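Here's the structure we're looking at; comments come further down.
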Amino acid sequence: MRIQVINPNTTEAMTATIEASARAAAGPGTLIEAITPVMGPASIESHYDEALAVPGVLRAVADAPADAHVIACFGDPGLDAARELATGPVIGIAEAAMHAATLLGRGFSVVTTLSRTRGRARDLAARYCPPHACRGVHATDIPVLSLSPESLDRVVALARHALDHDGSDVIVLGCAGMADLCAAATAELGVPVIDGVAAAVTLAESLVRLGLRTSPRDEYAPPPAKLYTGLLTGFAR
Ligand SMILES: O=C(O)C[C@H]1NC(=O)NC1=O
């Protein structure tokens, strides 16, 4: 099977981090096609960035039919719109990570980048999870493009604080750029630490293997035909 893994920001180095995590998680029969969009922000750290990332996500989904698509940004930008264009499953990394977390413990905490992105994470938790599953969202105040292997200590220290303060038992990494910190953080913390990229790829694989796809009925049906002007000439097939 072919899974398209989209980095919604335009930073190739981050796409490489995402691709490595996706390939490590994928099964032997899965081809990972990681892509960087042709348009959008260099990183996504605000509602404005998120809005401007969506056209690039939709272009990617429309241009490359795949058995499934992963949106590899913790804000899950364009997830519902992408489901109207795709035929296979479309999975966001926040969605996958949060669902996985609810299967592994009684409550999870999110460790993310800038404090201003905490509201989005809370909103997504309210959509995806039962009440009280997400016990807290904590910001490292590390900008997305400043994440590096040296960020591990800060991420782990904040995760320890989160586990104690929130009374949670699982950690969700709140940025695709943290994917390469997951194994080391898991070893340090001794609790499940979830990388949304890996969770989304394996969830997408499972759905495809079960022969399941996005429902074409009603809300996720292809968008109604209409005129689009300017840059956004529309991406519907
Ligand atoms: O919302 C965040 O801080 C993380 C999010 N931003 C980004 O460019 N890739 C992400 O996963």
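Remember, it's 1-based here, ligands and their atoms both numbered in the order they're listed. Just so we're clear, the structure is a prediction, and the values are computed from it rather than from any experiment.
- Residues with a heavy atom under 4.0 Å from ligand 1: Asn9, Met14, Ser43, Ile44, Cys73, Phe74, Thr113, Thr117, Val144, Gly174, Cys175, Ala176.
- Val137 is not connected to Leu189 by any chain of hydrophobic side-chain contacts under 4.5 Å among Ile, Leu, Val, Met, Phe, Trp and Tyr, and they are in different clusters.
- More than 12 heavy atoms of other residues, nucleotides or ligands shown are found within 6.0 angstrom of NE2 on His161.
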Item to complete: Tell me, with the steps shown, if Ser21 and Asp195 meet side-chain hydrogen bond (donor to acceptor under 3.5 Å, both in side chains).
Response: CA-CA 8 Å; Ser21 173; Asp195 154 31; 2.4 Å; yes
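- Other residues, nucleotides and ligands contribute only 12 or fewer heavy atoms inside 6.0 Å of the CZ atom of Arg116.
- Leu152 and Val197 are members of different hydrophobic clusters when ILVMFWY side chains are connected at heavy-atom separations under 4.5 Å.
- Clustering of Ile, Leu, Val, Met, Phe, Trp and Tyr side chains at separations under 4.5 Å places Ile91 together with Leu203, Leu207, Leu210, Leu212.
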